[in-house]
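This one's a predicted model, so the numbers in the text were calculated from it and none came from an experiment. Throughout, residue positions are numbered sequentially from 1 according to the sequence presented.
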Amino acid sequence: GTAYADPYKTTVSWYERQSNEVAKKEVWLCDLGESNQWRTSFGWSGPNQPADDYPVPYEEGFIVEIPTNEFTPQLMMFIGRVPITNMTQVIEPKCYNFANMRLPVRMHPSQMNLLQSGFKGGLTSLTSDRLRKLDRQMKSVDQDVWYDTSSETWRLSGGGSAAGFFIGPDDGFLIWTRRSTNSWVWTTSLPYSLPTRLMTP
């Protein structure tokens with residue numbers, strides 16, 4: 001867009017880990033004619049400031065809003081480094097934690113070190129923390145899973161096994177801590193061996 005008030009602009013927003021999913025930071029893409037520039041909306045040092053060099057909170061999920069006058073899917077390419085150390089982030093209780101794994105693999109909840117970090121299961125989906133994957137096409141929650149402490153298995157909230165539920169590198173997801181009463185630190189272990197000086201393995 002040419003201004004923040006332009007309805008045909010691309011925005012990227014990050015969210016507070018609260019019960020009502022309030023956006024805490026946002027940037028928008030300013031069309032300068034021959035080039036573009038990311039600029040701040042709110043939640044930074046001030047509105048409408050250059051944001052090309054601002055650090056991105058990698059551990060947090062984010063939402064990209066494409067202008068409504070675009071009718072074709074847009075391909076996004078993310079360029080960066082894969083992690084070489086375990087990653088940690090604080091998960092707040094009784095709220096929605098919009099999160100990101102930042103790992104180049106698809107993982108089942110049983111592989112994500114959730115239970116070991118503090119994720120609370122239960123006897124039903126109503127008494128367990130939940131893991132919700134987002135559906136970017138429908139702009140809504142996709143699948144929702146929980147941990148059944150009686151059978152010690154991950155299950156879909158609508159019923160059935162969650163054996164086919166995986167979180168991928170480009171998936172946004174929520175950790176809904178409906179049972180957790182205290183914050184906990186989610187530690188994501190690396191699912192691969194680090195390369196050596198000779199790039200092996």
Side-chain angles (χ1 to χ4, degrees), residues 1-33 35-70 73-83 85-104 112 114 117-119 129-142 144 167-178 180 182-188:
T2 56
Y4 176 67
D6 188 341
Y8 302 124
K9 66 181 184 298
T10 298
T11 63
V12 181
S13 53
W14 292 266
Y15 287 74
E16 294 282 4
R17 294 187 169 179
Q18 297 179 351
S19 59
N20 55 356
E21 301 175 341
V22 176
K24 65 177 180 179
K25 292 182 178 180
E26 183 184 85
V27 294
W28 64 284
L29 190 59
C30 180
D31 184 355
L32 300 176
S35 63
N36 295 319
Q37 181 186 61
W38 288 103
R39 301 188 70 84
T40 59
S41 301
F42 55 81
W44 304 90
S45 57
N48 206 30
Q49 301 297 314
D52 284 338
D53 297 325
Y54 278 35
V56 173
Y58 292 116
E59 75 280 2
E60 300 178 20
F62 56 90
I63 291 179
V64 179
E65 295 185 58
I66 303 297
T68 56
N69 62 338
E70 287 284 350
Q74 303 295 305
L75 176 64
M76 294 182 62
M77 298 184 65
F78 294 94
I79 301 174
R81 303 174 183 173
V82 296
T85 59
N86 291 344
M87 297 171 292
T88 61
Q89 54 183 297
V90 176
I91 303 300
E92 299 295 345
K94 302 296 183 182
C95 70
Y96 298 108
N97 296 267
F98 198 10
N100 178 26
M101 282 197 309
R102 200 161 58 96
L103 292 172
M112 294 168 63
L114 289 166
S117 297
F119 187 101
D129 290 342
R130 305 256 280 271
L131 184 62
R132 289 182 159 183
K133 186 160 62 172
L134 305 180
D135 185 329
R136 64 172 56 89
Q137 291 184 334
M138 300 302 295
K139 300 179 178 64
S140 64
V141 174
D142 186 9
D144 186 331
I167 296 289
D170 61 341
D171 284 325
F173 61 94
L174 297 169
I175 298 176
W176 181 17
T177 48
R178 61 180 306 160
S180 293
N182 297 301
S183 61
W184 44 276
V185 177
W186 178 29
T187 301
T188 311

Taking the side chain as every heavy atom from C-beta outward, state whether [X] and [Y] have any atom pair closer than 4.5 Å.
X: Leu131; Y: Asp144; value: no
X: Thr188; Y: Trp186; value: yes
X: Met112; Y: Ile167; value: yes
X: Glu92; Y: Thr177; value: no
X: Arg178; Y: Arg130; value: yes
X: Asn48; Y: Trp28; value: yes
X: Pro50; Y: Arg39; value: yes
X: Val64; Y: Thr10; value: yes

Problem set entry | Side chain Asp52, main chain Trp38, donor-acceptor under 3.5 Å | yes

For this session: Could you tell me whether a side-chain N or O of Asn97 sits under 3.5 Å from a main-chain N or O of Ile175, the two making a donor and an acceptor?
Result: yes

Exercise. Side chain to side chain contact (heavy atoms under 4.5 Å, CB included) between Arg132 and Phe98: does it pass, once the steps are laid out?
Worked result: CA-CA 9 Å; Arg132 289 182 159 183; Phe98 198 10; over 6 Å; no

Problem set entry | Separation of Lys25 NZ from Ser13 OG (nearest 0.5 Å) | 12.5 Å

Seminar exercise, completed: d(Glu65 CD, Thr11 OG1) to nearest 0.5 Å is 4.0 Å

Exercise. Is there a donor in the side chain of Thr187 and an acceptor in the side chain of Asn86, or the other way round, less than 3.5 Å apart?
Worked result: no

If you compare all heavy atoms of [X] against all heavy atoms of [Y], which two are closest, and at what distance to 0.1 Å?
X: Thr40; Y: Ala51; result: CG2-CB, 3.9 Å
X: Gly118; Y: Ser180; result: O-OG, 3.9 Å
X: Gln89; Y: Asn100; result: NE2-O, 3.4 Å

Exercise. Who are the ring pair (Phe, Tyr, Trp, His ring centres under 6.0 Å) partners of Phe42, not counting sequence neighbours?
Worked result: none

Exercise. With sequence neighbours excluded, what pairs up with Trp176 under the ring pair (Phe, Tyr, Trp, His ring centres under 6.0 Å) test?
Worked result: Tyr96

Problem set entry | Results of side chain to side chain donor-acceptor pair (under 3.5 Å) for Ser41 - residues two or more places apart only | Glu26

Exercise. Side chain to side chain contact (heavy atoms under 4.5 Å, CB included) between Met87 and Leu103: does it pass, once the steps are laid out?
Worked result: CA-CA 10 Å; Met87 297 171 292; Leu103 292 172; 3.7 Å; yes

